[in-house]
S.K.: 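What follows is a structure written as structure tokens; I'll ask about it next.
Chain naming here is simple, since letters A, B, ... match the order of the sequence lines and numbering starts at 1 in each.
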Protein chains: 2
Amino acid sequence: MGRWEADAGGRLQYAAMSLYFERGYDAVTVAEIAERAGLTKRTFFRHYADKREVLFAGAPAFQAGVVAAVAAAPVDQAPVDTVIAALAETGGAQLAQYGEWARARRDLVESSADLRERALIKSADLAAAVAAALRERGVAPGQATLTAHAAVTAFTVGYDRWADGNGVGDLPTAVRETLADLRTALTPG
Amino acid sequence: MGRWEADAGGRLQYAAMSLYFERGYDAVTVAEIAERAGLTKRTFFRHYADKREVLFAGAPAFQAGVVAAVAAAPVDQAPVDTVIAALAETGGAQLAQYGEWARARRDLVESSADLRERALIKSADLAAAVAAALRERGVAPGQATLTAHAAVTAFTVGYDRWADGNGVGDLPTAVRETLADLRTALTPG
DNA sequence: GACGTGATGTCACCCGGTGACATGGGCACC
DNA sequence: GGTGCCCATGTCACCGGGTGACATCACGTC
């Protein structure tokens, strides 16, 4: 490897993020991203399926990590606790390092309907993968779906709260507290 | 009213649904939809913001109905029960009538990533509106967000279960049962 | 040193979506 | 019963995202 300038995908990602932050998502064109990375529009689309996907490059690795953690967890706890632990720890390992970047990225995603949609489907896909992993462990299908959705909701809201604080504090702790709040919200009156 | 052929929006919606069902979402072009409705592409975009939106024309009314039901509910119950009742009853009134159509529509949405994204953001917007309505009633902000998300999840999953059965059975009942399952899923082990 | 391979470039194209401006039928108002 | 306004629609030109087909070119291999 290394015939052309190395790490074309990484350069494209960096160029895209920089331009999105500078000008806003809508005002940036794929041709401009490619140009800044020293490549062409066509090559951009060989590395990223579309203009949105470049902001979610880490999602597959995160999902794989969570699924692996669920599969490897001991079986002596409630499924929802297994999933929350997997999300909190994988998140702490792969996401928390970005610290204050998290908030800027979150604000960017929130600024565009297209990006919000893409973020939502990433969460939905994550929930579906987690549900499948739970079924693999013998959890009833219906319970697996609901458990996965609830845990991912707790994670997403907890991550948001953590990002709101510019990444100070512990991400896993924020997630676990959010799950506790979710349980409170569902307690019958 | 009635200068040109009446109900351009409705004709466009009917033409779009027909073509989507006939050929699949991706294989249909906006120009074709407009042509079948006896209009032009430009007019389509005056009635619907984009090619996806035509499938979610009822969403604003549904959201408004749910928000109104939440606002009008008695205050002597847990917030999550208020929201579930609002979702179940508004859903029963506005959605359940479609019966077997529901499944076909659901399958269509599921067949396209673009449509799945759009469906997800509609749910997210609904949850945000419900959360706002809860805060209006004095529910703490954090609890409002989580309550709304949980209730919308229960509604969505319950609706899916109901649609899987081709719309037989009672939608509100399916939703309430799903909430009960969600509570079970979150019970600490 | 011919050859295959794989990442990139080039080019032409389709389609979703929009801005600007023209058209023409109904309606109010005189 | 004209006159003029309003507004839904049509027309046209354009931009940008996304793709298919084919060329190119550096590198490793035999």
Side-chain angles (χ1 to χ4, degrees), chain A residues 1-57 108-109 111-122, chain B residues 1-20 22-57 108-109 111-119 121-122:
Chain A
M1 54 194 88
R3 318 174 213 202
W4 303 266
E5 297 291 319
D7 193 23
R11 274 155 49 216
L12 285 166
Q13 189 184 358
Y14 184 78
M17 302 280 270
S18 307
L19 284 166
Y20 291 166
F21 282 134
E22 284 171 24
R23 284 195 236 148
Y25 175 79
D26 290 327
V28 174
T29 195
V30 172
E32 292 170 334
I33 297 170
E35 186 187 5
R36 182 171 287 197
L39 295 165
T40 65
K41 174 185 156 190
R42 193 67 186 83
T43 299
F44 177 93
F45 287 112
R46 288 201 182 93
H47 286 266
Y48 299 98
D50 58 46
K51 191 186 165 192
R52 301 166 271 294
E53 202 64 17
V54 68
L55 270 164
F56 300 88
L108 179 63
V109 170
S111 76
S112 152
D114 283 355
L115 292 176
R116 287 215 305 140
E117 287 188 339
R118 182 54 49 88
L120 288 168
I121 210 170
K122 293 297 178 187
Chain B
M1 54 193 87
R3 319 177 212 203
W4 301 267
E5 296 292 319
D7 193 23
R11 274 155 49 217
L12 285 166
Q13 188 184 359
Y14 184 78
M17 302 280 270
S18 309
L19 284 166
Y20 291 166
E22 283 172 25
R23 284 194 235 149
Y25 175 78
D26 291 327
V28 175
T29 194
V30 172
E32 292 170 335
I33 298 170
E35 187 187 5
R36 182 170 289 197
L39 296 164
T40 65
K41 175 185 156 191
R42 193 66 186 84
T43 299
F44 177 94
F45 288 112
R46 288 201 182 93
H47 285 267
Y48 300 99
D50 57 48
K51 192 186 165 192
R52 300 165 273 294
E53 202 64 17
V54 68
L55 269 163
F56 301 88
L108 178 64
V109 170
S111 75
S112 151
D114 283 355
L115 292 176
R116 288 214 305 139
E117 287 188 340
R118 183 54 51 87
I121 210 169
K122 293 296 178 187

S.K.: Would you confirm whether Tyr48(B), through its side chain, and Gly9(B), through its main-chain N or O, come within 3.5 Å as a donor-acceptor pair?
M.R.: yes

S.K.: When you measure from every atom of DNA chain C, which of residues 42-51 of chain A have a heavy atom less than 4.0 Å away?
M.R.: Arg42(A), Thr43(A), Arg46(A), His47(A)

S.K.: Got a sec: does the CD of Glu35(A) have more than 12 other heavy atoms crowding it under 6.0 Å?
M.R.: no

S.K.: Identify the heavy atoms of Leu12(B) and Thr43(B) that sit nearest to each other, and give their distance.
M.R.: CD1-O, 4.3 Å

S.K.: Using atom CZ of Arg52(A) as one end and atom C1' of dG16(C) as the other, report the distance to the nearest whole Å.
M.R.: 12 Å

S.K.: Using a 6.0 Å cut-off, check whether atom OH of Tyr14(A) has over 12 heavy atoms from anything other than its own residue.
M.R.: no

S.K.: Where do Lys122(B) and Glu53(B) land on the side chain to side chain contact (heavy atoms under 4.5 Å, CB included) test, with the steps shown first?
M.R.: CA-CA 10 Å; Lys122(B) 293 296 178 187; Glu53(B) 202 64 17; 2.5 Å; yes

S.K.: How many whole angstroms separate atom CG of Asp7(B) from atom P of dA8(D)?
M.R.: 14 Å

S.K.: Establish, with yes or no, whether the OP1 or OP2 oxygen of dG17(D) is under 4.0 angstrom from a side-chain nitrogen or oxygen of Thr29(A).
M.R.: yes

S.K.: I need the residues from residues 8-28 of chain A with at least one non-hydrogen atom less than 4.0 Å from DNA chain D; give them sorted by number, or say none.
M.R.: Val28(A)

S.K.: Under 4.0 Å between a Lys/Arg side-chain N and an Asp/Glu carboxylate O for Glu117(B) and Arg52(A)?
M.R.: no

S.K.: Using side-chain heavy atoms (C-beta onward) and a distance below 4.5 Å, is Leu55(B) in contact with Arg118(B)?
M.R.: no

S.K.: Before giving the answer on side chain to side chain contact (heavy atoms under 4.5 Å, CB included), spell out for Tyr20(B) and Ile33(B) the whole-Å C-alpha distance, their side-chain angles and the decisive distance to 0.1 Å.
M.R.: CA-CA 9 Å; Tyr20(B) 291 166; Ile33(B) 298 170; 3.6 Å; yes

S.K.: Quickly work out the Lys41(A) NZ to dA7(C) C1' distance and round it to whole Å.
M.R.: 19 Å

S.K.: With a 4.0 Å heavy-atom cut-off, tell me which residues in residues 33-40 of chain A come close to DNA chain C, sorted by residue number.
M.R.: Gly38(A), Leu39(A), Thr40(A)

S.K.: Here's a test for you: under salt bridge (charged side-chain N to carboxylate O under 4.0 Å, His left out), which of Lys51(A), Arg23(A), Lys41(A) qualifies with Glu32(A)?
M.R.: Arg23(A)

S.K.: For a 4.5 angstrom cut-off between non-hydrogen side-chain atoms, does Arg11(B) reach Leu39(B)?
M.R.: yes

